[in-house]
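Okay, structure first, notes after.
Proteins get letters first, then strands, A, B, ... in listed order; numbering begins at 1 in each.
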Number of protein chains: 6
Amino acid sequence: MTDGTIDGIRLERGNAIDWIVLDRPEAANAFSRGMLARFGTVLRDLKADGAPVIGIRGAGKGFGAGMDLGQYNAEGSPMEDVTRLSGYVDLWRDIWRHPKPVIVAVHGYCIGVAAQMASFADILVVAQDAAITEPTIPIGGGFIAPTWVHQVGGRRAKEFAFLPGNSIDGRTAVEWGWANAAVPAENLIACVEELASRIALVPPGVLAMKKRSINRAMEAAGWDQALSAIAESDAILHLEPEVRRIRAQLATIGLKATVAEFKGHGSQEIFKLHGAGYLP
Amino acid sequence: MTDGTIDGIRLERGNAIDWIVLDRPEAANAFSRGMLARFGTVLRDLKADGAPVIGIRGAGKGFGAGMDLGQYNAEGSPMEDVTRLSGYVDLWRDIWRHPKPVIVAVHGYCIGVAAQMASFADILVVAQDAAITEPTIPIGGGFIAPTWVHQVGGRRAKEFAFLPGNSIDGRTAVEWGWANAAVPAENLIACVEELASRIALVPPGVLAMKKRSINRAMEAAGWDQALSAIAESDAILHLEPEVRRIRAQLATIGLKATVAEFKGHGSQEIFKLHGAGYLP
Amino acid sequence: MTDGTIDGIRLERGNAIDWIVLDRPEAANAFSRGMLARFGTVLRDLKADGAPVIGIRGAGKGFGAGMDLGQYNAEGSPMEDVTRLSGYVDLWRDIWRHPKPVIVAVHGYCIGVAAQMASFADILVVAQDAAITEPTIPIGGGFIAPTWVHQVGGRRAKEFAFLPGNSIDGRTAVEWGWANAAVPAENLIACVEELASRIALVPPGVLAMKKRSINRAMEAAGWDQALSAIAESDAILHLEPEVRRIRAQLATIGLKATVAEFKGHGSQEIFKLHGAGYLP
Amino acid sequence: MTDGTIDGIRLERGNAIDWIVLDRPEAANAFSRGMLARFGTVLRDLKADGAPVIGIRGAGKGFGAGMDLGQYNAEGSPMEDVTRLSGYVDLWRDIWRHPKPVIVAVHGYCIGVAAQMASFADILVVAQDAAITEPTIPIGGGFIAPTWVHQVGGRRAKEFAFLPGNSIDGRTAVEWGWANAAVPAENLIACVEELASRIALVPPGVLAMKKRSINRAMEAAGWDQALSAIAESDAILHLEPEVRRIRAQLATIGLKATVAEFKGHGSQEIFKLHGAGYLP
Amino acid sequence: MTDGTIDGIRLERGNAIDWIVLDRPEAANAFSRGMLARFGTVLRDLKADGAPVIGIRGAGKGFGAGMDLGQYNAEGSPMEDVTRLSGYVDLWRDIWRHPKPVIVAVHGYCIGVAAQMASFADILVVAQDAAITEPTIPIGGGFIAPTWVHQVGGRRAKEFAFLPGNSIDGRTAVEWGWANAAVPAENLIACVEELASRIALVPPGVLAMKKRSINRAMEAAGWDQALSAIAESDAILHLEPEVRRIRAQLATIGLKATVAEFKGHGSQEIFKLHGAGYLP
Amino acid sequence: MTDGTIDGIRLERGNAIDWIVLDRPEAANAFSRGMLARFGTVLRDLKADGAPVIGIRGAGKGFGAGMDLGQYNAEGSPMEDVTRLSGYVDLWRDIWRHPKPVIVAVHGYCIGVAAQMASFADILVVAQDAAITEPTIPIGGGFIAPTWVHQVGGRRAKEFAFLPGNSIDGRTAVEWGWANAAVPAENLIACVEELASRIALVPPGVLAMKKRSINRAMEAAGWDQALSAIAESDAILHLEPEVRRIRAQLATIGLKATVAEFKGHGSQEIFKLHGAGYLP
């Protein structure tokens with residue numbers, strides 16, 4: 001059963017799992033203001049009713065392209081930017097604190113803030129050929145990769161963040177500990193649904209406490225504190241002259257030409273080209 | 001040399017390693033009150049004498065089946081339950097704070113609180129076909145998996161905890177970072193003994209400080225704080241109506257029929273059935 | 001372009017990356033007092049000018065053999081020893097807090113405090129046949145492995161630290177999450193330089209903030225606190241009678257005979273000899 | 001200007017400060033479900049408009065009597081109780097994270113969860129004769145005093161919490177560091193309004209960042225982590241047999257007779273009776 | 001009722017409070033090995049039976065003179081010293097984790113490790129003329145004052161620790177937040193007993209959880225982590241040449257002459273002599 | 001003995017204490033770039049030689065007026081501003097980590113970043129009529145008060161920070177726990193020197209370890225983590241439009257007229273005007 005798509009969000013109800021579908025494929029599921037608001041409402045409403053498990057996935061060719069660039073108001077004040085950026089984190093915290101298990105299923109592209117959202121999943125399953133990707137044009141930073149540290153460690157978070165447009169596929173995401181499993185894209189939904197059908201056998205109160213208790217362990221490990229200044233980090237970079245210059249260039253020579261300036265191999269490709277690999 | 005089995009605990013003395021053997025195979029090494037008390041005494045006595053390394057393993061078909069169900073007193077008060085559950089953690093902390101290195105060797109089944117104990121090992125070696133397992137019947141929670149977070153991360157701890165009777169084998173335990181190595185079951189003891197014979201060359205004072213210093217780093221990472229409310233989490237669930245219902249059902253239809261209600265694939269089986277895997 | 005070697009440190013300037021080369025191969029790049037001082041100066045000078053990325057590597061057969069034993073003053077006071085040991089950590093913190101990304105490239109041997117330094121790299125690339133090694137003669141401790149806990153976990157840090165002369169190769173270092181990648185030794189420099197050429201496209205201010213922000217997440221996870229007593233741990237062991245005895249023996253029977261007393265298999269070798277391995 | 005009282009909450013608008021008035025004097029401002037919901041809505045609406053400072057005070061004889069006993073559902077499940085109790089903390093966190101400074105003004109009685117709310121104030125001004133009070137009948141616990149630890153220390157939090165119906169006046173609240181100042185009750189509102197008129201001169205963006213930055217320091221000190229299991233603590237006690245017995249007694253012999261059983265001197269009274277005091 | 005004094009410890013049983021009396025006045029209640037062992041046993045036994053509150057006080061002219069100097073084995077190894085010093089902290093942790101409230105009553109002198117023990121009290125009442133004192137002869141350090149930081153802040157902990165033989169009276173201890181109250185010495189016991197009689201009205205399970213929950217908040221604030229290297233700090237100083245010199249001097253010129261070398265005003269006396277004070 | 005004033009810093013050598021004197025009275029000891037560099041050099045040089053205690057005080061009418069406004073480069077990039085601001089904190093950390101005790105003596109005005117520096121003192125003695133003051137013109141924020149949280153708590157840090165030009169005198173600084181003692185201004189230096197003469201009796205190694213160990217306790221309490229984003233907080237505000245507006249106004253109407261806009265009662269004055277006070 002489906003409620004139809006409202007503001008880019010579709011709710012698909014099931015017995016074991018309700019899917020919140022990011023459904024704005026015409027914009028590569030980039031998060032618009034309306035979409036975020038709707039996402040928050042749907043998530044909140046699922047506290048009181050619906051299936052025992054929540055899934056989040058993208059419609060179309062990928063999970064999500066990240067922020068809708070139109071949301072950034074270059075004319076706004078720095079503190080308005082901090083508030084806007086904190087708004088994302090607050091919304092993802094609603095995933096983290098939701099009484100139900102939330103499984104995120106990532107296929108295709110998963111860029112920038114979409115990868116940040118995925119970091120707050122309880123369980124994260126990815127397609128083997130998914131591409132989890134840093135923005136190619138370096139007009140921000142210090143906002144996404146710090147949310148990866150508690151899963152992949154500081155060193156891989158830095159590797160990922162320092163190369164423009166860096167990208168890892170689903171298998172690498174599992175090796176790094178970011179995702180729980182990588183399956184062929186065509187099996188992604190079925191796989192999550194089978195997981196959910198097993199989880200649904202556990203009483204909701206038991207699930208809620210298991211999640212609370214593991215969350216507490218993550219918070220004792222500094223998870224929440226790690227996020228406390230990421231909005232400030234990004235907001236400052238938005239005002240950095242070199243970033244403003246790139247942004248101005250975007251307006252003049254266009255996206256394609258600007259991307260071309262920064263495009264190139266990702267770190268894992270470079271490692272492989274130089275002979276890295278577990279096997280002889 | 002062996003001291004004989006007292007209250008389900010046998011001490012096997014060696015030159016490099018003294019083994020504390022969980023030796024109550026008739027009850028699948030489930031921890032009874034007496035067994036825990038004896039375990040604590042033996043561990044304490046090994047501070048002052050014995051070999052430089054301590055090993056812990058199970059006798060019979062597996063390492064341990066977890067709590068002895070008879071220990072839970074459904075008539076007791078919630079705070080008595082909190083006290084009982086904290087008692088386990090306090091005992092495992094004696095492993096953690098022991099001046100000698102403690103190596104835990106897991107073979108066969110390792111269920112619930114037995115897997116919690118193993119989380120406090122300094123070094124953990126497992127048989128490749130060991131089965132580290134969540135209880136199948138969901139009558140508690142928030143007590144085991146939070147002790148895994150500092151080794152396997154929050155996401156895998158949730159994956160493990162959310163499916164009833166979820167289980168990973170020895171190889172997966174190593175991939176996840178929970179265990180140091182997985183060897184064929186028949187080599188497990190010899191492998192640990194060779195490790196111990198190497199460790200025994202280091203002066204005891206040096207070993208004690210190396211352990212203290214690495215422990216301090218783990219505690220700075222929130223290890224101890226992560227455990228501070230796990231007894232409360234479990235005790236609350238013991239009082240949840242749905243849990244009482246399942247417990248009542250156990251008394252009427254029996255263990256086998258109740259297990260059947262919750263049995264099914266584990267998460268890693270589901271992932272493999274849907275095509276997960278590192279290799280083509 | 002090269003500035004020549006001063007006090008065992010050579011600076012090789014490039015466009016994308018400036019290499020600080022540990023260049024005292026006659027002493028296996030063991031850190032002498034002068035070398036450390038020079039290293040600090042060069043690093044500090046690179047804040048204000050030079051290429052956008054910094055590389056650190058060793059000249060000759062390996063990355064570094066650790067402390068220059070001559071630096072330890074057995075006649076000095078314990079607090080002088082604490083001060084000396086803290087001096088290493090303070091210097092590595094200068095790597096950690098440097099505004100530029102620092103990539104460490106490890107080939108050949110990497111022993112003791114050299115492995116500690118590598119733990120502070122932003123990105124760490126190793127040769128597949130590198131040997132990251134604990135000192136064979138146990139005359140200290142609690143100083144190196146605690147700096148590994150945030151990358152490899154407490155259990156592997158203990159495994160590594162407890163066996164005298166324990167050693168892992170480059171591939172294992174990646175599996176454990178200590179290093180980002182392991183490539184054939186002959187490709188190591190080229191690989192890092194390609195990484196650097198990609199990173200160099202990102203504006204320096206953006207890189208600096210990305211590093212600050214990920215560092216903050218690591219510090220929230222207890223990274224800095226984990227290091228606060230490691231100097232004390234080691235200094236105490238330097239005064240332990242058994243350690244003094246070994247040190248005295250070194251002076252009488254010599255290095256070779258003393259090493260022979262402690263030499264043997266490393267933990268990963270022991271595991272493999274007993275059948276460990278991911279593949280059938 | 002006033003919007004009238006809705007669900008026990010009245011909003012009084014001013015230039016420098018908007019007052020949220022707890023206005024249910026007929027129930028001693030005990031928090032009912034509707035009142036809490038309304039409080040949350042009003043607080044959220046003040047993010048976008050209104051005066052630069054927010055004040056919270058009680059109408060009638062005191063600030064608030066704490067929970068509305070009717071809210072506790074003795075028939076509900078333990079996890080429903082945890083959810084209810086967490087709901088309070090989540091609401092107070094909205095005070096903590098609000099972009100505007102929030103000044104709480106306490107007069108008269110301030111009991112239980114009302115004192116918990118006050119702990120989340122940015123600035124807290126109290127009447128000298130205010131009575132900040134633990135519930136007299138011990139049917140819960142571990143929920144209020146832990147939120148005091150970061151202001152008054154653990155020892156005074158324990159002193160306050162361990163005596164039934166313990167109470168401190170406004171002056172003691174300042175000596176302990178819980179409140180910023182204690183003024184005669186008749187000056188309380190004017191005092192806060194003068195503070196607000198001074199604060200209102202600072203640009204809102206500057207105030208918002210000052211608050212974010214000081215909050216970050218408190219969170220680094222463990223403020224948020226300190227709250228993570230307080231709901232569990234209280235929920236467990238609600239199920240403790242002795243607590244159920246007292247609750248049953250309440251239903252039979254009534255409030256007055258039950259209170260009489262626990263009434264007596266507070267800790268500070270006892271200290272004074274025994275000669276404590278700073279002055280000769 | 002009294003059990004008689006065994007190994008310097010006397011247990012006085014009451015209805016509301018059981019007193020553990022440090023009763024070795026001939027040695028100024030200095031902690032000997034036997035006394036500490038007995039203290040631990042008595043404390044443990046009071047978990048299962050006895051009055052709902054525990055009190056600790058000293059017999060004779062003061063609370064305690066600290067360590068029994070005879071306990072320090074100058075011939076022992078540094079790690080033996082670390083173990084001995086950790087033993088104190090472990091014992092005080094038994095106070096902290098005891099299910100019952102523990103009130104410490106300090107009169108007269110309270111020196112060194114006796115002041116450390118008092119830092120672990122749940123509630124701490126002092127005589128106005130008590131003298132809480134640092135050892136006059138500086139032959140150790142970094143062991144006592146760090147346990148004060150969470151009550152009095154870092155700055156006062158340093159003030160207290162840096163002057164040889166520094167001392168504060170009971171009133172200052174309250175001003176600093178170290179003690180809950182200071183009463184005339186003759187009222188000390190009666191005051192604590194009245195507190196206990198009020199606390200005893202609260203059901204034991206409720207008290208136990210209140211204590212657990214406030215302890216958790218303190219641990220979130222770093223209380224436990226703050227103690228993790230204090231044994232190492234002191235043990236290192238025991239080996240510092242200047243300390244050994246003073247200790248040797250003690251053996252030759254005697255206690256009195258050595259004390260005379262370090263004796264002088266305390267910090268608070270110096271402040272008062274220079275005109276400090278709250279009142280004109 | 002005096003070395004003469006270089007770049008606004010004078011070193012006065014003594015037996016027990018060496019004074020670093022902020023000696024640029026013509027600019028109210030505002031920190032210029034040169035002064036900060038010189039301060040760092042002098043402090044570093046005192047590690048190896050000089051008296052056992054270090055004092056810091058101001059020459060002329062007050063301790064210091066804070067930042068030299070000329071240092072802020074409104075044309076610089078945000079990341080240059082972050083670097084500049086972090087530079088202050090790094091310098092104060094050199095006080096914190098210095099092996100010798102550092103006593104700061106504050107008289108007269110102590111504004112903004114001068115009060116931040118004082119927060120890093122080991123011991124802090126103030127004149128009773130000192131005025132510790134927030135900048136009157138709100139053109140920054142989130143940089144000073146967060147360094148107060150660990151001494152005065154979050155609530156007083158907010159009170160202090162939210163009112164423009166807020167100020168406390170020496171006595172209040174002691175009541176709040178920020179300073180150790182307040183003495184009449186004419187006794188300030190003598191008082192500190194007597195303290196130092198007592199401290200100087202303790203062997204330097206013992207003092208160094210006492211400081212390290214108490215610092216560790218403060219760092220376990222989050223002290224260092226609390227400082228990690230304060231530079232970012234302030235740098236963002238420097239770019240806030242309302243702040244730029246005030247800065248522009250400063251350039252047009254001048255300092256005096258701009259100050260007049262924000263001047264008024266401090267919080268403690270307001271409290272006193274409304275009848276606050278401990279005494280009747």
Tell me, do B:Leu207 and C:Phe162 make a side-chain contact under 4.5 Å, heavy atoms counted?
yes

B:Trp96 six-ring face occupied by C:Lys158 cation (under 6.0 Å, within 45°)
yes

Hey, could you give me the OG1/CG distance between C:Thr136 and B:Leu201, rounded to the nearest 0.5 Å?
11.5 Å

Can you list the residues of residues 241-251 of chain C that sit under 4.5 Å from chain B, counting heavy atoms only?
C:Glu242, C:Val243, C:Ile246

For chain B, find which of C:Ala161, C:Gly266, C:Gly264, C:Gly153 contributes the most heavy-atom pairs closer than 4.5 angstrom.
C:Gly264

From B:Glu194 CD over to C:Leu163 CG, what is the distance, rounded to the nearest 0.5 angstrom?
9.5 Å

So does C:His265 get a backbone contact from the side chain of B:Arg198, meaning a donor-acceptor N/O pair under 3.5 Å?
yes

So which residue, B:Asn180, B:Val202, B:Val183, ends up with the most heavy-atom pairs under 4.5 Å with chain C?
B:Asn180

Max heavy-atom pair count under 4.5 Å with chain B, selected residue of C:Leu273, C:Ile270, C:Ile144, C:Val149
C:Ile270

For the interface with chain B, which of C:Glu261, C:Lys263, C:Gln268, C:Glu240 has the highest count of heavy-atom pairs at distances below 4.5 Å?
C:Lys263

Side chain, backbone, both or neither: which part of B:Val125 has an atom under 4.5 Å from a heavy atom of chain C?
side chain

At a heavy-atom separation under 4.5 Å, does C:Ile137 approach chain B through its side chain, its backbone, both, or neither?
neither

For residues C:Gly140 and B:Val206, report the shortest heavy-atom separation together with the two atoms involved.
O-CG1, 3.6 Å

Decide yes or no for B:Pro184 and C:His274: does some side-chain heavy atom of the first lie under 4.5 Å from some side-chain heavy atom of the second?
no

Contact origin within B:Ala208 toward chain C - heavy atom pairs under 4.5 Å
neither

Suppose a student defines contact as a heavy atom less than 4.5 Å from any heavy atom of chain B. Which residues in residues 212-233 of chain C would they list?
C:Ala221, C:Gly222, C:Gln225, C:Ala226, C:Ala229, C:Ile230, C:Ser233

Can you find a pair of side-chain heavy atoms, one from B:Trp178 and one from C:Arg155, that are under 4.5 Å apart?
yes

Which bit of C:His150 is near chain B, if near means a heavy-atom gap under 4.5 Å: side chain, backbone, both or neither?
side chain

Is B:Gln128 close to chain C through its backbone or its side chain, or both, or neither, when contacts mean heavy atoms under 4.5 Å?
side chain

Count the heavy atoms belonging to other residues, nucleotides or ligands that lie under 6.0 Å from CG of C:Asp129, then report whether that count exceeds 12.
yes

Proximal component of C:Glu159, with respect to chain B [non-hydrogen, under 4.5 Å]
both

